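The structure appears right after this line, and notes come after that.
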Amino acid sequence: MYNIENLFLFDGLSEKEKNEIAASLNNRICYKKGESVYNADCFENALGIILEGKAEAVSDSVTERSFGEGDVFGAASMFGAGEKYISKIVTKTSCTILFISQDRLGEIFKKYPAVSLNYITFLSGRIRFLNQKIKLYTCKGAAQKLYLFLRSNADENNIVKISDMKSLARMTSIGRTSLYRAMDELTENGLVERNNQIIRVK
């Protein structure tokens, strides 16, 4: 079970402050595997934190992102006025999810200003991630295919280790000449960094 006091929102707070906030958060909901948590027409303006289990964001039957313990969703739409949620959140295992409502989060911001700064910092990181996705869509063909392969095979540190480009070409079914061009394109767009056999995906 994830310890809510380790959440990014609490960075820089004292143990007393963390305990005070954590004690006030009690909207925990348990889900079975395969249940819909949020969808386009059924969602709340609340921050969801995975305390236990796994879930995923799905759009047009494509998995956009996977969530594990300590991961959050709903941050970008928390204070928006949108009438639909942009993707569907579905549980991959049985899950326990803590929800922090818009009103409750606003109260926490007022009492603990550092939390609002942590929230803004988190959203800034999400914007950078979305900008990277936009860059990806400017890439064509082999570059897109290579990037998606690297993303899906990267470890928790966003690292992919390869033996050589020949092996990578075989795994991706991309010709070696096209593969080198694709790698150059991704590098130029700032989507990957390559250091010999080590590739960092951004």
Side-chain angles (χ1 to χ4, degrees), residues 1-130 133 148 151-158:
M1 180 76 72
Y2 180 72
N3 182 355
I4 191 63
E5 294 181 17
N6 293 328
L7 189 65
F8 69 91
L9 286 175
F10 301 156
D11 288 350
L13 298 183
S14 67
E15 289 303 315
K16 179 182 177 181
E17 290 171 326
K18 291 180 181 180
N19 290 335
E20 288 175 350
I21 298 173
S24 71
L25 304 176
N26 51 25
N27 185 16
R28 291 171 168 81
I29 299 179
C30 296
Y31 295 87
K32 297 178 181 178
K33 178 181 178 180
E35 283 196 84
S36 173
V37 180
Y38 279 0
N39 60 49
D41 300 308
C42 183
F43 68 97
E44 297 182 21
N45 282 15
L47 186 69
I49 303 109
I50 307 291
L51 297 181
E52 192 171 24
K54 296 180 180 180
E56 60 186 9
V58 180
S59 180
D60 296 326
S61 300
V62 176
T63 299
E64 295 185 332
R65 189 180 174 199
S66 296
F67 303 99
E69 294 183 3
D71 288 332
V72 304
F73 58 86
S77 60
M78 172 74 81
F79 297 101
E83 297 181 355
K84 290 184 178 294
Y85 198 71
I86 58 174
S87 58
K88 184 177 182 179
I89 306 296
V90 181
T91 58
K92 295 176 66 178
T93 67
S94 57
C95 276
T96 301
I97 301 176
L98 171 69
F99 292 95
I100 306 177
S101 69
Q102 176 181 312
D103 290 343
R104 182 70 191 103
L105 191 59
E107 293 170 356
I108 294 172
F109 285 169
K110 290 177 182 178
K111 188 172 181 180
Y112 309 93
V115 175
S116 60
L117 180 59
N118 291 335
Y119 190 80
I120 293 170
T121 300
F122 174 80
L123 288 181
S124 297
R126 295 300 300 158
I127 291 171
R128 285 194 295 272
F129 171 75
L130 292 175
K133 290 187 69 174
L148 293 174
R151 286 284 304 180
S152 63
N153 287 278
D155 63 18
E156 65 275 9
N157 296 313
N158 296 321

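This is a predicted model, so every value here is computed, not measured. What's counted below: heavy atoms across the whole structure, side chains too, no hydrogens, waters or symmetry copies.
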Can you check whether Val90 reaches Glu35 side chain to side chain, under 4.5 Å on heavy atoms? no

Whether the side chain of Thr91 engages the backbone of Lys32 through a donor-acceptor N/O pair (distance < 3.5 Å, no angle test) should be reported. yes

Is there any ring-ring contact (aromatic ring centres under 6.0 Å, His included) pair reaching into residues 8-27, and which pairs are they, with sequence neighbours excluded? Phe8-Phe122

Please confirm whether the backbone N or O of Arg104 pairs with a side-chain atom of Ser101, one donor and one acceptor, at under 3.5 Å? yes

Quick one about Tyr112 and Glu20 (side-chain donor to acceptor, distance below 3.5 Å, no hydrogens or angles considered), yes or no? yes

How long is the straight-line distance from CG of Leu47 back to CZ of Phe73, given to the nearest 0.5 Å? 8.0 Å

Here the gap from Thr93 atom OG1 to Glu56 atom CD, rounded to the nearest 0.5 Å, amounts to 10.5 Å

Starting at CD1 of Ile50, measure out to CD1 of Ile97 and round the result to the nearest 0.5 Å. 4.0 Å

Taking all atoms of both residues into account, what is the closest heavy-atom pair of Ser116 and Pro113, and its distance? OG-O, 2.5 Å

Are the side chains of Ile108 and Leu25 in touch, meaning some heavy atoms are under 4.5 Å apart? yes

Using side-chain heavy atoms (C-beta onward) and a distance below 4.5 Å, is Leu7 in contact with Val72? yes

Note: Thr96 and Cys30 closest approach over all heavy atoms is OG1-SG, 3.7 Å

One should read off an interatomic distance between Leu117 CG and Leu9 CG, to the nearest 0.5 angstrom, of 11.0 Å

Inter-residue atom distance Cys95.SG - Glu69.CD, 0.5 Å rounding: 9.0 Å

Within-4.5 Å side-chain heavy-atom neighbours: Lys92 and Ser66: yes

Test log, rule side chain to side chain contact (heavy atoms under 4.5 Å, CB included), inputs Val115 and Leu13: CA-CA 8 Å; Val115 175; Leu13 298 183; 3.8 Å; yes

Rounded to the nearest 0.5 angstrom, the CD1-CZ distance for Ile89 and Phe67 is 4.5 Å

Is Glu15 salt-bridged to Lys18, going by a charged N under 4.0 Å from an acidic O? yes

Take Ile100 and Leu105 through the test side chain to side chain contact (heavy atoms under 4.5 Å, CB included) and record every step on the way to the result. CA-CA 6 Å; Ile100 306 177; Leu105 191 59; 4.1 Å; yes

Taking Gln102's backbone N and O only, do any of them form a donor-acceptor pair with Asn45's side chain (distance below 3.5 Å, no angle check)? no

Residue pair Asn27 / Ile29, side-chain heavy-atom distance below 4.5 Å: yes

